[in-house]
Structures are given as structure tokens and as C-alpha cells.
Amino acid sequence: MNIVEPIKSIEDIQNIKRILSKKPRNALLFGFGINSGLRIADILSLNVKDVKGKDYIELREKKTNKYKKIPN
């Protein structure tokens, strides 16, 4: 089983953002993930209607089945 370590260096995060800024979709997904702590599977399952015009993003995490309410 592979172990995934969190990105701890602010410099590394800024470098990743700079590289991803060439593709707005990828930059958005990275920024959302890094700030919300959600797994990519949970982020990719969101639709525009889940986010647009809402004060909170509500979802159930796929892996843990935990309910999350994230301020929008």
C-alpha cells in the first residue's frame, strides 16, 4: 500500500499553484482541495448546482461516509 504525505511547505504549494495556473480547472480543483481538505473523489462529484448560490456546500464523503458542511 502506498503512503501519501501531506504537502507541508508553503513554497511547494505556491509552486504547484503556479504550474497549475496554466489550466484554470486544475488550479481551481487544487485550490479547493487544499483549502477544504476534501479528497479528489469528493470534489469531482460536486456539480455547479451543489455550490452556486449556496452559503454552504453539503456532502457526504465517499471514503468515510461522514457528513460535511463547508462554508462557501
| request: Answer whether the closest heavy-atom distance between the side chains of I70 and L38 falls below 4.5 Å. | output: yes

| message | Are L20 and K17 packed together at the side-chain level, in the sense that at least one heavy-atom pair is separated by less than 4.5 angstrom? | response | no

Same cluster or not: [X] versus [Y], using hydrophobic residues (I, L, V, M, F, W, Y) connected whenever any side-chain heavy atoms lie under 4.5 Å apart?
| X | Y | result |
| --- | --- | --- |
| L59 | L29 | yes |
| I19 | I16 | no |
| F32 | L44 | yes |

| field | Any donor-acceptor pair under 3.5 Å from D50 side chain to N47 backbone | value | yes

| said: Just verifying a value: how many Å separate D42 CG and S36 OG, rounded to the nearest 0.5 Å? | reply: 8.5 Å

| request: State the CD1-CD1 distance between I43 and I40, to the nearest 0.5 angstrom. | output: 4.5 Å

| task | For residues I7 and F30, report the shortest heavy-atom separation together with the two atoms involved. | result | CD1-CE1, 4.3 Å

| request: Any pair with a residue in residues 55-66 that passes side-chain hydrogen bond (donor to acceptor under 3.5 Å, both in side chains), sequence neighbours left out, goes on the list, sorted by first then second residue, please. | output: E58-Y67, E61-T64, E61-K68

